[in-house]
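Beneath this line is the structure, given in structure tokens, with notes to follow.
Per chain, numbering begins at 1; letters A, B, ... match sequence-line order.
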Amino acid sequence: MAEIKRVRGFQDIYGENVKKYRYVVDTARDIFKRYNFSEIILPYVEDVSLFIRSVGEETDIVQKEMYVFEDRGGRKVALRPEGTASAVRAFIEERLYAKGGYHKLFYEGAMFRHERPQAGRYRQFHQIGAEIFGVSSPVADAELIKMVKDILDALNIEARLEINTLGDFESRKEYVRVLKEYLKKVENSLCEDCRKRIERNPLRVLDCKVEGCREATREAPVLIDFLSDESIERFEKLKEYLNNLGVNYQVNPRLVRGLDYYTDTVFEFITDKIGAQGTVAAGGRYDTLVKQLGGPDTPALGFAAGIERLMLLVENLPIERKPVVVLPVVSEFNIDALKVAGKLREKGIKTELILKEGSLKSRMKLANKIGAEYVVFVSEKPELKDMETGEQEQFDNVENLIDVLVEKVG
RNA sequence: GAGGGUGUAGCUCAGCUGGCAGAGCACAAGGUUGUGGCCCUUGGGGUCGCGGGUUCAAGUCCCGUCACCCUCCCCA
């Protein structure tokens with residue numbers, strides 16, 4: 001029979017990797033809770049139009065990367081390619097805005113994009129993310145960025161922070177219009193990719209690495225001239241807050257995000273240690289998105305981080321306690337061994353009962369391979385062996401042995 | 001969507017100008033009565049990614065195909 005293999009771009013996460021996965025998620029979750037964010041578990045499947053209307057009709061994500069299909073009821077649905085759209089949809093649909101105040105949510109889980117797999121890039125990948133709804137103050141921007149920084153610090157991950165402002169929706173639209181006009185004029189000196197970008201993602205042209213494009217855009221209109229006083233004020237405040245929090249950053253005026261919904265603040269945490277896909281966490285403000293999706297006018301912001309990319313940067317996992325191994329010396333003691341293992345587990349001790357029959361020697365090898373800290377030999381006179389030192393002690397009954405063992409590992 | 005690299009044992013890889021498919025690690029069983037690691041002995045393991053072609057003979061040469069990795073693009 002032919003072996004069935006996993007689908008391209010999808011992966012099994014097991015062994016060391018699943019420990020890293022859990023470590024990253026648990027660490028982030030802990031920070032989220034310290035910032036008093038509430039978890040929301042969002043569906044993996046949404047109406048396609050949710051993403052068209054939020055991420056943007058013309059973006060690569062919507063144009064060529066979404067897993068779209070018709071369900072049995074003829075509905076056009078998509079596996080979610082990102083989390084913010086769903087969070088906004090839920091915010092509106094669950095009428096959270098009616099509860100007053102503001103809302104801070106975090107989520108975790110799989111996202112799906114049909115891209116060419118690469119280092120740090122999969123078709124099913126996993127993100128942690130958070131969103132804040134109902135706050136326009138840049139205090140929120142600063143706190144969100146600080147929270148991401150806290151997560152990275154807790155994971156012992158170094159990444160540089162780049163920030164930028166895109167301005168409010170109106171001034172950005174105006175800027176994009178003027179920029180497009182300019183780019184069309186210099187189109188002939190642009191690279192092939194950038195010519196395509198003029199319509200699809202004109203801001204990205206400014207960030208092109210090709211020398212000709214850099215040359216051609218040197219005189220291009222700059223966004224800052226189009227920003228409203230309010231946007232400039234907000235950006236200045238954000239920088240002031242970050243300075244006072246001791247969060248280092250670099251202003252990158254060419255930083256653009258690939259999703260259409262961003263306004264004003266955008267930021268990225270970037271590393272060069274994991275290959276070409278160096279953006280490890282990114283986010284920004286999206287003050288018009290809630291309204292755009294049919295909710296009340298609500299300022300909002302958020303971020304997402306790629307769990308797989310964080311995993312690549314995690315170096316030292318916290319050390320785990322080794323198990324105690326319970327081993328019946330001969331099979332007549334299987335029942336006693338089952339009972340002993342049960343008692344140890346009741347005491348909260350990580351216990352491996354050797355399930356295999358065979359020679360004592362082979363089962364000892366197994367205990368060693370499992371990484372036993374102690375071995376409990378179950379027989380008439382139970383014995384406890386310290387696998388580190390090789391010392392072995394005999395007991396009159398299991399109760400005494402368990403007491404001593406609890407003393408040692410409890 | 002475009003480009004480059006790699007596919008041989010469970011893993012990491014050798015295999016020359018075509019001539020009996022290998023090593024290390026891992027695995028299993030032993031090295032005297034009921035005790036691991038180190039060492040020694042023995043053993044099990046392969047559609048050489050898949051399909052075609054050239055040849056007396058193909059892991060090796062040719063064509064096709066698939067998968068994985070990396071890069072561009074894009075993004076977390």
Side-chain angles (χ1 to χ4, degrees), chain A residues 1-11 24 55-56 58-65 81-84 108-129 148 159 191-194 196-197 200-201 204 207-210 256-259 267-271 274-284 302-313 325 327-333 354 356 358-381 383-392 394:
Chain A
M1 282 288 263
E3 193 178 337
I4 297 173
K5 290 195 284 203
R6 58 176 196 272
V7 174
R8 183 172 170 77
F10 290 73
Q11 41 161 2
V24 167
V55 174
E58 297 303 320
T59 59
D60 280 4
I61 292 178
V62 168
Q63 285 286 310
K64 45 189 195 190
E65 296 173 5
E82 60 112 43
T84 298
E108 170 245 320
M111 307 293 163
F112 304 84
R113 293 183 200 171
H114 192 103
E115 297 179 88
R116 196 82 164 247
Q118 202 178 313
R121 195 170 82 184
Y122 306 94
R123 289 183 175 175
Q124 178 186 327
F125 61 104
H126 301 81
Q127 290 186 330
I128 45 174
V148 179
C191 71
E192 203 183 318
D193 284 334
C194 280
K196 282 185 226 153
R197 285 179 182 133
R200 240 176 355 130
N201 192 0
R204 185 66 181 71
D207 204 23
C208 186
K209 287 158 204 137
V210 178
V256 192
R257 317 262 33 263
L259 292 78
F267 64 91
E268 262 183 51
F269 283 87
I270 306 163
T271 173
I274 54 171
Q277 310 302 320
T279 299
V280 116
F303 90 99
I307 295 175
E308 283 83 357
R309 291 183 190 176
L310 294 174
M311 284 163 64
L312 291 172
L313 291 161
V325 161
L327 196 158
V329 169
V330 288
S331 57
E332 281 69 36
F333 294 101
I354 296 290
K356 249 174 79 169
S359 72
L360 188 56
K361 178 175 179 167
S362 68
R363 285 180 298 146
M364 269 308 279
K365 280 189 173 181
L366 196 52
N368 191 58
K369 199 199 319 230
I370 287 164
E373 188 175 6
Y374 291 95
V375 171
V376 177
F377 292 103
V378 181
S379 66
E380 297 95 342
K381 293 274 184 185
E383 291 179 55
L384 179 64
K385 177 166 186 155
D386 183 329
M387 291 295 273
E388 190 75 30
T389 64
E391 281 167 28
Q392 196 163 325
Q394 196 176 70

[N] [atom2] sits how many Å from [X] [atom1], rounded?
X	N	atom1	atom2	answer
A/Arg123	B/rC69	CZ	P	10 Å
A/Arg113	B/rA76	CZ	C1'	6 Å
A/Ile128	B/rA76	CD1	P	14 Å
A/Leu312	B/rC69	CG	P	12 Å
A/Phe125	B/rC74	CZ	C1'	11 Å
A/Leu310	B/rC75	CG	P	19 Å
A/Gln277	B/rC69	CD	P	13 Å
A/Gln63	B/rG1	CD	P	14 Å

Restricting to non-hydrogen atoms, name the atom on [X] and the atom on [Y] that form the minimum distance, rounded to 0.1 Å.
X	Y	value
A/Ala281	A/Ala305	CB-CB, 3.7 Å
A/Arg8	A/Pro117	NH2-CD, 3.9 Å
A/Phe125	A/Phe112	CE2-N, 4.3 Å

Could you pull out all residues at least two apart from [X] that satisfy side chain to side chain donor-acceptor pair (under 3.5 Å)?
X	value
A/Gln127	none
A/Lys64	none
A/Glu58	none
A/Ser379	none

For [X], give me all partners under side-chain contact (heavy atoms from CB on, under 4.5 Å), at least two apart in sequence or on another chain.
X	value
A/Ala282	A/Arg257, A/Glu268, A/Thr279
A/Glu380	A/Phe333
A/Glu115	A/Glu65, A/Arg113, A/Arg121

Give me the distance, rounded to whole Å, that separates [N] from [M] when you measure between the [atom1] atoms they each carry.
N	M	atom1	result
B/rU32	B/rU41	C1'	16 Å
B/rG24	B/rG45	C1'	16 Å
B/rG59	B/rG53	P	15 Å
B/rG10	B/rG49	P	13 Å
B/rC68	B/rC73	P	22 Å
B/rG37	B/rG44	P	23 Å
B/rG52	B/rA58	P	13 Å
B/rC13	B/rC69	P	14 Å

[N] OP1/OP2 closer than 4.0 Å to side-chain N/O of [X]:
X	N	value
A/Arg197	B/rC74	yes
A/Gln118	B/rU71	yes
A/Arg204	B/rC74	yes

_No-H, no-angle donor-acceptor pair, A/Glu115 side chain to B/rC73 base, under 3.5 Å_ =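 Under the 3.5 Å cut-off, the side chain and the base do not form any donor-acceptor pair.
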
*Please evaluate the base of B/rC75 for a donor-acceptor partner in the side chain of A/Arg116 within a cut-off of under 3.5 Å?*
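Flag unset: no donor-acceptor pair detected.
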
Just the atom pairs and distances: protein N or O near nucleotides 65-68 of chain B's N or O, under 3.5 Å.
unit_1: B/rC68; atom_1: OP2; unit_2: A/Arg8; atom_2: NH1; d: 2.3

*Residue pairs involving residues 364-379 of chain A (criterion salt bridge (charged side-chain N to carboxylate O under 4.0 Å, His left out); sequence neighbours excluded)*: A/Arg321-A/Glu373

*Closer to the 5' end of RNA chain B via nearest nucleotide, is it A/Thr389 or A/Gln127?*
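The residue whose closest nucleotide sits nearer the 5' end is A/Thr389.
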
_Quick check on RNA chain B: between A/Ala119 and A/Ala305, whose nearest nucleotide comes earlier from the 5' end?_
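Looking at the nearest nucleotide for each, A/Ala119 comes out on the 5' side.
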
Short heteroatom pairs, N/O only, protein and nucleotides 27-35 of chain B, under 3.5 Å:
unit_1: B/rC27; atom_1: OP1; unit_2: A/Lys369; atom_2: NZ; d: 3.0
unit_1: B/rG31; atom_1: N7; unit_2: A/Lys361; atom_2: NZ; d: 3.1
unit_1: B/rU35; atom_1: O2; unit_2: A/Lys385; atom_2: NZ; d: 3.1
unit_1: B/rU35; atom_1: O2; unit_2: A/Gln392; atom_2: OE1; d: 3.3
unit_1: B/rU35; atom_1: N3; unit_2: A/Gln392; atom_2: OE1; d: 3.1
unit_1: B/rU35; atom_1: N3; unit_2: A/Gln392; atom_2: NE2; d: 2.9
unit_1: B/rU35; atom_1: O4; unit_2: A/Gln392; atom_2: NE2; d: 2.8

*Which stems, defined as runs of 3 or more consecutive Watson-Crick or G-U wobble pairs with both pairing distances under 3.5 Å, involve RNA chain B?*
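Stems for RNA chain B, defined as runs of 3 or more consecutive pairs: B:1-7 with B:66-72, B:10-13 with B:22-25, B:27-31 with B:39-43, B:49-53 with B:61-65.
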
*Looking for any heavy atom pair under 4.0 Å, which part of the strands does A/Tyr122 touch: base, sugar-phosphate only, or nothing?*
base

*What nucleic acid atoms does A/Gly129 come within less than 4.0 Å of, heavy atoms only: base, sugar-phosphate, or nothing?*
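Contact class for A/Gly129: none.
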
*Determine whether A/Arg363 and A/Pro328 make a side-chain contact, defined as any pair of heavy atoms from C-beta on separated by less than 4.5 Å.*
yes

*Distance, nearest 0.5 Å, that separates CG of A/Leu327 from CG of A/Leu366*: 8.5 Å

*Partners meeting salt bridge (charged side-chain N to carboxylate O under 4.0 Å, His left out) with A/Glu108 (sequence neighbours left out)*: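 Checked A/Glu108 against salt bridge (charged side-chain N to carboxylate O under 4.0 Å, His left out); matches are A/Arg29.
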
